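One structure is given below, encoded as structure tokens.
Here is how names work: the chains are called A, B, and so on, in the same order as the sequence lines, proteins then strands, and each is numbered from 1. Both backbone and side-chain heavy atoms feed into the values below; hydrogens, waters and symmetry mates do not. These numbers were taken from a predicted model, which means no experiment stands behind them.
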2 protein chains.
Amino acid sequence: MARTTGSHSEITGPRIRAAALRLFARHGYAAVSMRQIATEVGVQAGALYNYTADKQSLLFSLMRGHMDELLAAHAALGQGGTPTDRLERFTRFHISFHTDRPEAVFISYMELRSLEPENFRIIEALRREYEDALESILRDGMAGGAFTIADPKIATLAVIAMLTGVNTWYRSAGRLSLDEVEQVYWDMVHRSVTG
Amino acid sequence: MARTTGSHSEITGPRIRAAALRLFARHGYAAVSMRQIATEVGVQAGALYNYTADKQSLLFSLMRGHMDELLAAHAALGQGGTPTDRLERFTRFHISFHTDRPEAVFISYMELRSLEPENFRIIEALRREYEDALESILRDGMAGGAFTIADPKIATLAVIAMLTGVNTWYRSAGRLSLDEVEQVYWDMVHRSVTG
DNA sequence: CTTTGATCTGAACGGCTGTTCAGTTATCAG
DNA sequence: CTGATAACTGAACAGCCGTTCAGATCAAAG
């Protein structure tokens with residue numbers, strides 16, 4: 001039987017993570033104090049240390065969680081179909097996944113420099129894993145003649161940069177629906193890798 | 001005759017800006033203290049205030065200077081030629097200008113949230129001005145039939161995001177020369193806006 | 001009820017923050 | 001040289017920082 005004596009941890013824990021996510025995204029890791037996070041949760045600063053070893057671990061945990069989610073969701077996409085099919089799936093997945101959690105995405109890109117070296121290496125390895133998945137699609141498409149790409153490494157980074165850029169302007173209440181946005185980007189991505 | 005009594009300001013001033021640029025880019029605005037900047041320059045913290053009203057003004061001045069340089073350099077590019085010519089010029093210009101000053105670029109994108117509202121509005125207006133220049137090229141190309149673009153606004157942001165992404169990986173001692181990089185990106189940009 | 005232990009408070013720790021300013025130093029004009 | 005003044009120092013200001021911890025609080029188990 002689970003220990004539940006005097007336990008609020010299943011409420012407070014997630015609330016701390018949510019508050020930290022929002023504040024880090026809005027003001028930046030260095031600009032946010034533990035006291036601000038605590039105030040947002042309605043608790044004293046000391047209480048945060050029941051849930052995280054220190055401020056750095058809280059940041060790392062948020063980023064690690066985001067990357068794990070990203071890779072898990074991508075793995076669930078499946079590998080079937082032609083390279084063109086797979087590239088379209090990747091494009092649409094990237095856009096919908098990223099626009100769905102803008103704060104986590106923002107933090108995971110902007111706060112890399114706030115990570116201690118060991119933590120940085122871990123996050124970067126996960127990011128590389130994701131990039132490699134796209135690069136494989138492009139290479140397969142080149143091998144099969146579906147894509148014409150001068151440099152698959154650069155093309156990978158160029159496509160990801162282009163797609164992630166959606167987050168800088170997309171709002172769900174905006175002019176275009178998510179599906180329309182996906183369509184526009186898929187057209188551009190597709191054309192950029194085909195003669 | 002210029003006042004020069006006891007003057008080191010023409011040496012110290014630029015050194016402060018250079019140190020601030022490097023430190024802000026590396027660690028982030030909020031994470032860098034005035035004392036760190038001063039130490040880098042070899043001066044006490046108080047001396048910085050002969051050159052900037054406060055820390056915020058120092059950041060804003062760096063960003064404003066960068067955006068002014070960007071717009072001036074872009075204006076010097078000229079407007080002649082077909083939309084395709086102009087798009088190629090824009091693409092190559094954007095890459096070479098941005099890879100040439102990675103720290104200023106980094107700050108100008110990442111530290112927008114560190115600007116006070118009034119300063120933010122000014123920088124954002126300058127950025128919009130630059131984006132509008134690209135959008136004009138795309139619209140002219142659509143009107144003339146050279147480009148096929150579903151949504152010129154989105155295409156503008158997509159192209160800029162893709163091009164600015166070069167800064168995340170480009171190193172002048174890397175595998176590809178700047179000219180090769182420009183060529184690869186120009187191919188992708190060109191194809192992404194043409195059927 | 002009492003007991004138990006997870007949860008949280010509130011105060012304290014040393015240290016760093018941006019900024020100000022009286023006083024010192026260094027450079028140049030005359 | 002003297003006088004002027006730009007440039008800089010060094011100390012001080014009030015306030016916030018991340019983190020720790022003894023003690024209070026509270027919900028569930030027995």
* Asked: Is any side-chain nitrogen or oxygen of B/Thr12 closer than 4.0 Å to OP1 or OP2 of D/dA7?
  -> no
* For the pair made of CG in B/Leu48 and P in C/dT17, what is the distance, rounded to whole Å? -> 13 Å
* From the list C/dG18, D/dT19, C/dT17, which nucleotide is the closest neighbour of the side chain of B/Lys55? -> C/dG18
* Would you kindly give the CZ-to-C1' distance between A/Arg15 and C/dT7, to the nearest whole Å? => 14 Å
* So what does A/Val41 hit on the nucleic acid, given a heavy-atom distance under 4.0 Å: a base, only sugar-phosphate, or nothing? -> nothing
* **For atom CD1 of A/Ile37 and atom P of D/dT19, their distance in whole Å** => 10 Å
* **Length of the line joining B/Arg35:CZ and D/dC8:P, which is rounded to integer Å** => 17 Å
* To do: Taking A/Gln56 for its side chain and A/Ser114 for its backbone only, find out whether a donor-acceptor pair lies under 3.5 Å.
  => yes
* To do: Would you kindly give the CD-to-C1' distance between B/Glu116 and C/dG18, to the nearest whole Å?
  => 13 Å
* To do: Report yes if at least one side-chain N or O of B/Gln36 is closer than 4.0 Å to OP1 or OP2 of C/dC16; otherwise report no.
  => no
* Asked: A/Tyr49 side chain: which of C/dT17, C/dT7, D/dG18 is closest?
  -> D/dG18
* Structure fact -> Quick note, B/Ser33 side chain, CB onward, closest among C/dC8, C/dT17, D/dC8 is C/dT17
* With the side chain of A/Ala47 defined as its heavy atoms from C-beta on, choose the nearest nucleotide among C/dC8, D/dT19, C/dT17. => C/dC8
* Select one nucleotide: of C/dT9, D/dC17, C/dT7, the one nearest the side-chain heavy atoms of A/Val43. => C/dT9
* Measure centre to centre between the rings of A/Phe90 and A/Tyr130, then say whether the value is under 6.0 Å. => yes
* Starting at atom OH of B/Tyr51, determine the distance to atom C1' of D/dC8, rounded to an integer number of angstrom. => 8 Å
* Any cation-pi pair here, A/Arg15 with A/Tyr51, using under 6.0 Å and within 45°? -> no
* Structure fact -> Against the side chain of A/Gln44, the closest entry in C/dT7, C/dT17, C/dT9 is C/dT9
* Asked: Over how many whole Å does the gap from B/Glu10 atom CD to C/dT27 atom P extend?
  -> 15 Å
* Structure fact -> Among the nucleotides C/dG10, C/dT19, D/dC8, whichever has the atom closest to the side chain of B/Met34 is C/dT19
* Asked: Tell me: CD1 of A/Ile11 to P of C/dA6, nearest whole Å?
  -> 17 Å
* NA contact type, B/Gln56, heavy-atom cut-off 4.0 Å: base, sugar-phosphate, or nothing? -> nothing
* Any side-chain donor-acceptor pair under 3.5 Å between B/Thr164 and B/His98? -> no
* Which class fits the ring pair B/Phe97 and B/His66: parallel under 30°, tilted 30 to 60°, perpendicular over 60°? -> tilted
